[in-house]
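Just so you know, ligand 1 is whichever comes first in the structure, and atom 1 is the first atom listed for that ligand. Just so we're clear, the structure is a prediction, and the values are computed from it rather than from any experiment.
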Amino acid sequence: MKTKIIELNEIEKAVKLLKNSEIVAIPTETVYGLGANALNSVAIAKIFKAKGRPQDNPLIVHICNEKMLDELVLDIPKKAEKLMQNFWPGALTIVFKKSEKAPCEVSKGLETIAIRFPKHETMLEIIEKCKFPIAAPSANTSGRPSTTSFEHVFEDLNGIISAIVKGEASQIGLESTVIDVTREIPVLLRPGGITKEQIEAVIGEVLVDKSITASISDTKKVSSPGMKYRHYAPKATVEIVEGNVFKTAKYIQKYSDKTTGILVFDDFHELFDKKNTKTFGEKKDIETQANLLFAKLREFDEINVGKILAQCPQNQGLGLAVANRLKKASGFNVTKISGKVYGLTGQSGSGKSTATRIFKEKGFEVIDCDEIYSNLLENSTEMSEKLQNKFPKCFENGKINRKLLANEVFADKSKLLILNEITHEFIVKEIENLILQAKNDVILDAPLLFEAKLDKYCDEIIGIVCNEDVRISRLAKRDKLSEKEIKNRLKNQKNDSFYIEHCGIIIENNGNLLDFLQFIDDKEI
Ligand code: TXA
Ligand code: MG
């Protein structure tokens with residue numbers, strides 16, 4: 001079969017083919033879809049054949065208005081209505097009880113039907129012009145990573161389907177979220193473009209289907225048949241390494257050789273030989289990870305690698321979807337590395353030392369950056385030599401005078417930069433060693449966590465915030481400084497809103513110690 005390439009200004013051609021029971025790949029904001037008339041069994045059968053899709057795996061039906069929905073579903077539960085108001089058009093597929101008129105071919109024997117109202121203009125225009133709903137699975141060969149660009153669709157389906165509408169790369173890059181609202185408590189069947197947290201903010205509690213985070217046997221009855229197949233798989237075997245971003249990177253470094261394909265966050269790219277290494281965004285940039293994941297998995301097929309070792313985000317927000325696709329690509333071949341790293345930061349006087357003491361009592365290992373710096377100044381001859389080179393006046397009989405050094409660098413910003421540049425490398429090396437040696441979860445106590453880019457080592461960041469008045473009175477008591485001196489010292493520090501924006505966990509410490517303790521307990525760290 002010759003596959004036509006349809007440009008975006010030739011949509012009519014796609015409409016005509018679809019009206020003639022043909023199948024056409026169409027861009028959507030999640031991934032490319034392989035579309036067919038949802039009401040036509042001949043067209044639907046072609047989808048299953050072209051993809052090599054298991055016959056028991058139902059399809060999502062795409063609509064462009066709510067009238068189309070009314071014809072396909074038995075009823076619209078209240079919670080579904082709320083979801084539709086908030087997330088349609090968009091990356092959310094809702095599973096309803098199906099109406100009598102709904103086509104059996106798309107539901108594959110289920111009593112339910114999955115419906116999505118997409119946002120992508122091209123897809124919407126095609127449905128509007130066809131005047132029938134369009135069934136569309138992702139436009140890939142079954143089992144391969146979903147397609148997020150025209151080129152991917154061409155690679156999998158050229159010569160097999162009637163046409164491909166050539167649009168831009170998909171904006172989200174992961175499929176829609178699938179949620180079943182036919183049960184008392186809605187169940188998340190597939191995490192995707194809309195997060196569980198976003199959904200819960202609208203309709204309250206949502207259950208997570210077991211198949212999202214763990215392997216299920218092929219014979220077991222599952223809520224969403226698509227979840228039981230190994231999906232998104234590149235040719236090479238895949239092992240997912242789950243845990244702290246630095247520890248997992250070091251694990252991958254240790255267990256890889258020249259023939260290993262490596263998929264890691266940008267943050268620790270420099271640990272690896274560039275040849276077989278691919279990165280898919282910074283650790284904290286899950287949107288980019290979502291956007292690049294499928295393309296990167298496909299790229300591994302173009303190079304000859306024996307095995308792929310991959311890092312994986314945490315199961316929060318869009319991370320749940322990215323982690324789910326990665327784990328499925330590996331057939332749930334997941335190695336868990338234990339030991340989390342919590343960054344701890346905040347302004348002077350906010351109560352970091354008190355918090356550190358409490359965390360120590362709770363069994364955390366504390367890495368104190370100030371202490372590391374002091375120890376290095378005392379004990380590292382290598383660092384000392386470098387400092388002596390740049391700050392000769394601060395040394396007396398070969399020993400550093402910390403007061404002189406402080407005076408010199410605080411009077412001149414460029415000198416402070418030089419000092420930081422020299423010490424940073426030594427401090428970081430020490431932090432890395434301590435993280436790797438830690439037997440338990442770690443608190444990385446760093447007043448300048450963000451400025452020193454230490455956030456990249458952390459799984460979570462705790463910011464301690466506190467009223468300025470309270471901080472001033474605490475510092476006055478502790479350091480015996482005047483209010484003016486304290487204000488001077490505080491003025492270069494970041495304000496509360498900075499910490500609130502950048503830290504996942506915020507602990508307020510305005511009142512007494514008991515409140516503070518309670519706060520820490522409540523956060524379930
Ligand atoms: O973003 C997307 O959802 C893309 C674009 C093209 O819209 N489509 C897509 O379709 O990912 P597909 O076929 O690759 O995945 C559909 C998933 C499968 O896991 C399938 O089992 C599930 O939705 N599904 C479909 N109908 C269902 C139903 N009635 N009940 C439960 N799960 C259903
Ligand atoms: Mg699919």
Polar-atom distance check: [X] versus ligand 1, any N or O pair below 3.5 Å?
X	answer
Asn57	yes
Thr30	yes
Lys51	no
Ser138	yes
Ser176	yes

Find all atoms of ligand 1 within a distance of less than 4.0 Å from any non-hydrogen atom belonging to [X], and give their numbers and elements.
X	answer
Val31	4 (C)
Ala114	25 (C), 26 (N), 27 (C), 29 (N)
Leu189	31 (C), 32 (N)
Leu110	28 (C), 29 (N), 30 (N)
Gly33	6 (C)
Thr112	28 (C), 29 (N), 30 (N)

### Message
Test ring-ring contact (aromatic ring centres under 6.0 Å, His included) on Phe364 and Tyr342; report intermediate values, then the result.
### Response
CA-CA 10 Å; Phe364 286 85; Tyr342 294 87; 5.7 Å; yes

May I ask you to check whether [X] and [Y] show a side-chain donor-acceptor distance below 3.5 Å?
X	Y	result
Thr93	Ser176	yes
Thr195	Gln198	yes
Glu175	Thr30	no
Asn140	Thr147	no
Tyr255	Glu239	no
Thr288	Asp285	yes
Gln85	Lys82	no

### Query
N/O/S of Ser138 less than 2.8 Å from the Mg ion (ligand 2)?
yes

Does even one non-hydrogen atom of [X] get within less than 4.0 Å of ligand 1?
X	value
Ala136	yes
His62	yes
Lys108	no

### Task
Kindly check if the number of other-residue, nucleotide or ligand heavy atoms within 6.0 Å of CZ (Phe154) is above 12?
no

#### Entry: Over-ring placement of Lys296 relative to Phe280, 6.0 Å and 45° cut-offs
no

### Task
Specify side chain, backbone, both or neither for Arg53, according to which of its non-hydrogen atoms lie closer than 4.0 Å to ligand 1.
side chain

### Query
ligand 1 versus Arg116, non-hydrogen atoms closer than 4.0 Å: side chain, backbone, both, neither?
side chain

### Summary
Note: Ile160 and Asp156 closest approach over all heavy atoms is CD1-O, 3.7 Å

